[in-house]
Amino acid sequence: EIWLWLEFRRVLFRSAHLGYGVEESAVVTGKMYEEIGPILEKYDLFICPTNALPAIKADIDIVNERVIINGKEQECADFAWCMSHPFNMLGKLPVLSVPSGFSSNQVPTGIQIISRSYSDELVFQGGYNYEMVDPWLNNAKNRPFFDWYSIRSEEHTSELQSQPEL
């Protein structure tokens with residue numbers, strides 16, 4: 001059912017790229033829900049990546065810079081890489097983003113767990129079950145290392161240096 005996801009994104013990007021007004025956007029959103037609704041009624045959860053790319057430059061100029069995914073330049077650079085937009089537009093669907101590991105260049109990645117309208121408990125249960133199978137956060141090698149002692153010592157030293165002598 002990958003073709004459906006691709007069509008779903010195509011409709012979304014076309015609407016974003018053409019700058020539809022409120023009424024047209026409501027029509028597009030309705031069409032999107034017509035496509036994904038039956039899948040969500042058939043299956044408890046729909047799982048997909050949070051982003052189409054492991055990372056994008058923090059200072060990207062989406063107007064003047066190209067975004068390329070799988071060798072293809074994207075028409076709508078601000079929507080092309082972020083796979084959460086469709087579910088943001090569909091508002092009624094509960095969505096949970098969960099860490100899924102690291103890309104080949106060690107950037108953290110994530111998945112989205114989506115369920116039918118008003119079935120929030122299903123996405124929470126899905127997220128919990130995923131965490132039990134792959135306890136990403138409970139694995140010390142996956143957490144960033146912070147040297148709290150050094151940070152606190154530096155703060156304390158700067159506080160002492162800024163105080164007037166008695």
Side-chain angles (χ1 to χ4, degrees), residues 1-19 25 28-29 32-33 35-36 39-40 43-91 93-116 119-155 157-158:
E1 296 172 0
I2 292 294
W3 65 270
L4 183 59
W5 173 250
L6 296 174
E7 177 62 16
F8 185 58
R9 289 191 54 185
R10 187 190 65 75
V11 169
L12 169 69
F13 296 147
R14 189 182 68 208
S15 66
H17 184 68
L18 296 177
S25 292
V28 169
T29 301
M32 290 166 60
Y33 195 82
E35 296 289 329
I36 194 141
I39 293 173
L40 295 174
Y43 302 100
D44 285 340
L45 299 171
F46 182 78
I47 299 173
C48 66
T50 303
N51 291 318
L53 298 170
I56 194 155
K57 292 183 352 180
D59 62 347
I60 188 168
D61 178 354
I62 59 172
V63 174
N64 297 313
E65 291 185 58
R66 301 179 326 152
V67 173
I68 299 176
I69 300 175
N70 293 332
K72 295 175 89 177
E73 184 173 352
Q74 303 301 301
E75 287 182 35
C76 190
D78 55 342
F79 287 117
W81 60 275
C82 185
M83 297 177 75
S84 60
H85 284 287
F87 306 108
N88 292 343
M89 286 184 67
L90 291 169
L93 302 179
V95 181
L96 178 67
S97 182
V98 190
S100 62
F102 294 92
S103 67
S104 59
N105 62 349
Q106 298 306 304
V107 173
T109 58
I111 59 171
Q112 298 179 93
I113 302 172
I114 302 101
S115 189
R116 65 186 68 89
S119 294
D120 299 51
E121 73 283 355
L122 290 175
V123 296
F124 287 122
Q125 187 65 52
Y128 174 80
N129 290 340
Y130 179 78
E131 288 287 327
M132 292 299 101
V133 170
D134 182 17
W136 188 89
L137 194 56
N138 293 329
N139 187 335
K141 73 177 180 104
N142 292 335
R143 290 191 302 261
F145 174 74
F146 293 106
D147 186 352
W148 293 109
Y149 178 76
S150 294
I151 292 170
R152 188 67 187 139
S153 294
E154 289 172 16
E155 289 174 1
T157 302
S158 65

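Position 1 is the first residue of the sequence, and the numbers go up from there.
Taking each heavy atom of Leu93 and Ser115 in turn, the nearest pair found is CD2-O, 3.6 Å. Nearest approach of Phe87 to Ile36, heavy atoms of both residues: CE2-CD1, 3.9 Å.
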Show the numbers, then the answer: is there a side chain to side chain contact (heavy atoms under 4.5 Å, CB included) between Val98 and Ile113? CA-CA 8 Å; Val98 190; Ile113 302 172; 3.7 Å; yes

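No side-chain heavy atom of Glu131 sits under 4.5 Å from any side-chain heavy atom of Tyr128. Residues Leu90 and Thr29 are in side-chain contact: their nearest non-hydrogen atoms beyond the backbone lie under 4.5 Å apart.
For Asp120, the side-chain contact (heavy atoms from CB on, under 4.5 Å) test picks out Pro94, Phe124, with sequence neighbours left out. Applying the side-chain hydrogen bond (donor to acceptor under 3.5 Å, both in side chains) test to Asn64 and every residue at least two apart in sequence or in another chain returns Asp61. Partners of Thr109 according to the side-chain hydrogen bond (donor to acceptor under 3.5 Å, both in side chains) rule, which considers only residues two or more places apart in sequence or in another chain, are Ser100.
Of the inter-residue distances, the one linking Tyr33 atom OH with Leu40 atom CG reads 6.5 Å to the nearest 0.5 angstrom.
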In residues 44-55, what donor-acceptor pairs under 3.5 Å come from side-chain atoms, sequence neighbours left out?
{"from": "Asp44", "atom 1": "OD1", "to": "Arg116", "atom 2": "NH2", "distance (Å)": "3.2"}
{"from": "Thr50", "atom 1": "OG1", "to": "Ser97", "atom 2": "OG", "distance (Å)": "3.3"}
{"from": "Thr50", "atom 1": "OG1", "to": "Gly110", "atom 2": "O", "distance (Å)": "3.4"}
{"from": "Thr50", "atom 1": "OG1", "to": "Ile111", "atom 2": "N", "distance (Å)": "3.4"}
{"from": "Thr50", "atom 1": "OG1", "to": "Ile111", "atom 2": "O", "distance (Å)": "3.4"}

